[in-house]
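Down below is the structure, laid out as structure tokens.
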Amino acid sequence: MKNPKIKKYLFYIILFCILPGIMVLFSSMAAFSNDQGVASKIKKATSKLDKATQVEQSIPLPKNIVKATVEYQGGTFFTQARKNEIKRFQCSSCHNNKKVLINNAADMSHADIKVLHGNKGKPLSCDTCHNKDDRDFLVSSTTDKIDLDHVYDMCGQCHFRQKKDWIGGAHGKRVTYWAGERVVKNCTSCHNPHSPRFEKQWPKTYSVPLK
Amino acid sequence: MDSDKKKKINRRTFLKGAASAAIAGSTAVTAGCKGKGLLGSSEAFALEFKEYFKKHYRLMTPTERQQTVTRLEKLAKLRQDINVNIDTTGPAENVLYGYAFNVTRCEGYMECVKACVKENNLDRKSNTQYIRIFEMEHGQMSPDQGDGKYFHMVPKEGHFYMGVQCFQCENPPCVKACPTKATWKEKDGIVVVDYDWCIGCRYCMAACPYWGRRFNWNQPEIPKEEVTTQQHYLGNRQRVRGMMEKCTFCIQRSRKGKVTACVEACPTGARVFGNLLDPDSEIRFVLENKKVYRLKEDLGTDPKFWYFID
Amino acid sequence: MKKDMASKGLLSFAKDTLLWNLSGSIGYQIYLCILVCLMLTGVYGYFIQFKLGLSATNMSNIVSWGFYISNFTFLVGVAAAAVMLILPSYVFGDKDLHKVVIIGEVVAVGALVMCMTFVFVDLGRPLQFWHLIPGIGQLNFPSSLLAWDILVLNGYLALNALVPAYIVYCHYQGKEPVGKYYKPFVFISIGWAVAIHMITAFLYQGLPARPFWNNPLLGPRFLASAFAAGPAIISLVLHIVNSTTDYKIDNKIFNKLRIIIVSAAVINLLMLFSEIFKEFYFPTHHSQSAMYLFFGLEGHDSLVPWIWTAISINLLGTLILAFNPFKERQIFLLPALVMLIVGIWLEKGIGLIVPGLVPSPMGEIISYSPSNVELFITLGVVGLGMFVVTVLLKPALIIEKRYEDRHLTD
């Protein structure tokens, strides 16, 4: 008595189990058919892009920059000029063969500079970096002159890993625009060359416990 | 006699029921009107009325987009007396944004958090922050072992810092979960939210494995002088309570070629941002030359945010 | 003055229904007033929530779903449980349970109304609900499980409201309902009931971001707990109907329901044990949620007493119902039923939703307990559900009783 009844509706029951099953199948197929991952997209993108067309508007170049003497993967790039940020630059205005005829020369001398660069207790001497023959420049360990705007050549003698990273972009900071011509901060834009390590400070803000 | 008494009782109970229904109904209506604040200026009401019926952003024609932007700019002037400029720039060709975070260089200064809050007009009342910085002990890698609520001189001995935010997944679980398609991944890789289309069900929030999404539990409050007026429809425009929001890689900045606010603010240069499809970009250099990793990679979300160590 | 049954139409049906709902003993009037008061409490709570936004609740960016969704989860199960009456009576031709199918379906309708109201009050922008309607809005079907859930819940509401409405209306007119009009829908609703609860379970199960939910046992567990708690609630309603109206329900029916409840409750406990084993045999990072639920984490242990109480009374209720010390007087089993219902409500509601969300994906832990606004609104919604059940059940039972009497005398 019961069996014919079930048989009658068995068709409907099975139909309404198969239909949702098919829908689930199709939706899961849709789920798995999305684009390939980021890695394959990156692998495919090997052709160089025109810097100017990456965004719709033209990108202004910041002022006070110099072209770096090294190249990176995209060609040449710019870095921030440092000479006009130094208060007492042209060093040769004092440091020349003439006698120093300035009042309070002691106050104005560089006694305020503490050198915390190098090992503890055995910091670098001034002559390690500053050129004895021409105070407007720095000196490399191969006695070449280094311009203060291209101080990365100086720092890169010891910190060659950071220099390599800085040229590529893993160290340091790009200035304001990711598109257009590449402008990055110079070493001394962030690091005080006499005391390069960043100071400890309080965080600028805090996160609240959530209820 | 008996049936008359029964009838009386019936009428009495009917009136009782009708009265309480009327009270309930009128309370609901006044609650609705008062709660919505629609008893404000009639011009603002007219603009909001039109805004209520608008389409999904992706289905709008450029004219309709311009119309809604005009309405929103007018509403900002009427309600808060500020002049905003809402942008609708679309994604550029051959651009896929990527982000890298240098775990060695982060010192926990949280300047990125502060800049993000200012740039994206985040609610000051509930201290909403898209970015969260975790103070980790050496020997751990996962941010859920770290402390996100530190407030002392940084960096602390024996600890390092890493930040998390929405990672703009290439296979985003939040996009799959949204019942109204209010969130989607744009062509340049940013996962965006059409705030006005969102109904606030918070399913995307449950679906995100990185705690990348935020909900406006209350009406956002931002001091007038701190509002960033250069806005994008899908980015930092004024949001209302009941909507989801998230980090959009500063879409109002990045689509104009600028780096994001967090990248700009970081004093140690721990954050790298750029175009993944440009083989000359810094982000590509980082991915090819440094040891990079992503969080919760086993979940298959394919995020476009990498961590690396110097 | 015998009225001519055949001339009764829709208008007379509506009028009679209204009168039947408003008339009754003084106890019934007081009960209706209490329900209206509960609903007004809910309206007051919602007024506050509408003014302040969802910050009036205790939900936050970590516990983004709370008391409302917990109750929604539990009540979808109760709605699905009507199938446990329909299946025996229509497929296996059980005459006893056929008598009470209508009550089961009315309870399902009440539960579904409560579910939809809970979702509505939980939304951040409920006025934008039209964004979900396919055609004028955008429904993310088939990707989003919430979209599936909306469709199946509304479909089930239609099935469970229209089929009994048709049958009752035919009985009101003294006619026999035409089998081929409604029987296919009854059979559809059997599969549909299982579907609604599995889909609601998949809502949670499909999120790899939440390891507490992302296990294959969640769907079957939901069904087991629904088929224990749902018929238990239906049993309670039947006890109330039996003692307050003249629609008498035989002890055999209670016994059959008891067997259904016990089977489902035992399976539920078995699945619970399986989950506990998985979490605690070799605790991993993914077991943090279970640790938070059962033992507390970092000092946050507000859920611990609730879950242990829930499991104990669940177990106790199941044992009492299984061994049935009160052979004839089923009414003494009421406390056991209540214990089972409350136990499952706690474990499946707050004991599932909150631990799933804590710790957050970034490892942060907070406590959650419903705020006053949430409690007020919940009371209102529960009042609304009971009101819907009462308003639908009273006329239906009167019509059924009259139809039965007429058929017995004929």
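Sequence lines set the chain letters: A, B, ... in the order given, protein chains first and strands last, and positions in each chain run from 1.
Within the 3.5 Å criterion, the main-chain N or O of C/L127 finds a donor-acceptor partner in the side chain of B/Y52. A donor-acceptor pair is defined here as one N or O able to donate and one able to accept, closer than 3.5 Å; such a pair exists between the side chain of B/K296 and the backbone of C/P361. For the pair C/W65 (side chain) and B/C201 (backbone), a donor-acceptor distance under 3.5 Å is present. Formation of a donor-acceptor pair under 3.5 Å by the C/R210 side chain with backbone atoms of B/A207 is not found in this model. A donor-acceptor contact shorter than 3.5 Å links the side chain of B/Y203 to the backbone of C/L203.
Heavy-atom distances place both the backbone and the side chain of C/L146 under 4.5 Å from chain B. For C/L52, the part lying under 4.5 angstrom from a heavy atom of chain B is the backbone only. With a threshold of 4.5 angstrom between heavy atoms, B/V175 approaches chain C through N, CA, C or O but not through any side-chain atom.
In this structure, B/F49 places its CZ atom where only 12 or fewer heavy-atom neighbours from other residues, nucleotides or ligands lie under 6.0 Å away. C/F129 CZ: 12 or fewer foreign heavy atoms inside a 6.0 Å radius. Around the OH atom of B/Y57, the shell of radius 6.0 Å holds more than 12 heavy atoms that belong to other residues, nucleotides or ligands. With a 6.0 Å radius and a threshold of 12 heavy atoms from other residues, nucleotides or ligands, C/I136 has its CD1 atom above the threshold. No more than 12 heavy atoms of other residues, nucleotides or ligands lie within 6.0 Å of OH in C/Y44, so this atom counts as exposed by the packing criterion.
For the pair B/A206 and C/A209, the tightest heavy-atom approach, listed with the atom from each and the gap, is O-CB, 3.9 Å.
Here salt bridge (charged side-chain N to carboxylate O under 4.0 Å, His left out) pairs that include residues 198-211 of chain B, with residues two or more places apart or in two chains, are B/R202-C/D122.
Atom CE of residue C/M362 and atom CG of residue B/L295 lie 5.5 Å apart, to the nearest 0.5 angstrom. Between atom OG1 of residue B/T180 and atom CD1 of residue C/I150 there is a gap of 9.0 Å, rounded to the nearest 0.5 Å. Remark: B/R214 CZ to C/S60 OG distance equals 11.0 Å, nearest 0.5 Å.
Looking only at heavy-atom pairs under 4.5 Å with chain C, the residue among B/Q219, B/M244, B/M243 that has the most is B/M243. Highest contact tally toward chain C, considering only B/F215, B/F134, B/W217, is held by B/W217 [criterion: heavy-atom pairs under 4.5 Å]. Heavy-atom pairs under 4.5 Å with chain C were tallied for B/G148, B/C198, B/P173; the largest tally goes to B/C198. When each of C/P208, C/G363, C/S64, C/C37 is checked for heavy-atom pairs under 4.5 Å with chain B, C/S64 comes out on top. The candidate with the highest count of non-hydrogen atom pairs below 4.5 Å against chain B, out of C/G53, C/G356, C/G206, C/G137, is C/G53.
Between B/C178 and C/S144, every side-chain heavy-atom pair lies at or beyond the 4.5 Å cut-off. At least one side-chain heavy atom of C/Q138 sits under 4.5 Å from a side-chain heavy atom of B/L59. You'll find the side chain of C/H131 stays beyond 4.5 Å of the side chain of B/K181, heavy atoms only. With contacts defined as side-chain heavy-atom distances shorter than 4.5 Å, the pair C/P359/B/D144 does not qualify.
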**Prompt:** side chain to side chain contact (heavy atoms under 4.5 Å, CB included) between C/Q128 and B/D196: does it pass, once the steps are laid out?
**Reply:** CA-CA 9 Å; C/Q128 269 78 0; B/D196 294 315; over 6 Å; no
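Side-chain atoms of C/N61 and B/W211 form no donor-acceptor pair, as typed in the model, at a separation below 3.5 Å.
A cation-pi contact links B/R241 to C/F50, judged by a cut-off of 6.0 Å to the six-membered ring centre and 45° from its axis.
Relative ring orientation between B/W197 and C/W130 is described as perpendicular, the plane-to-plane angle rising above 60° on a 0-90° scale split at 30° and 60°.
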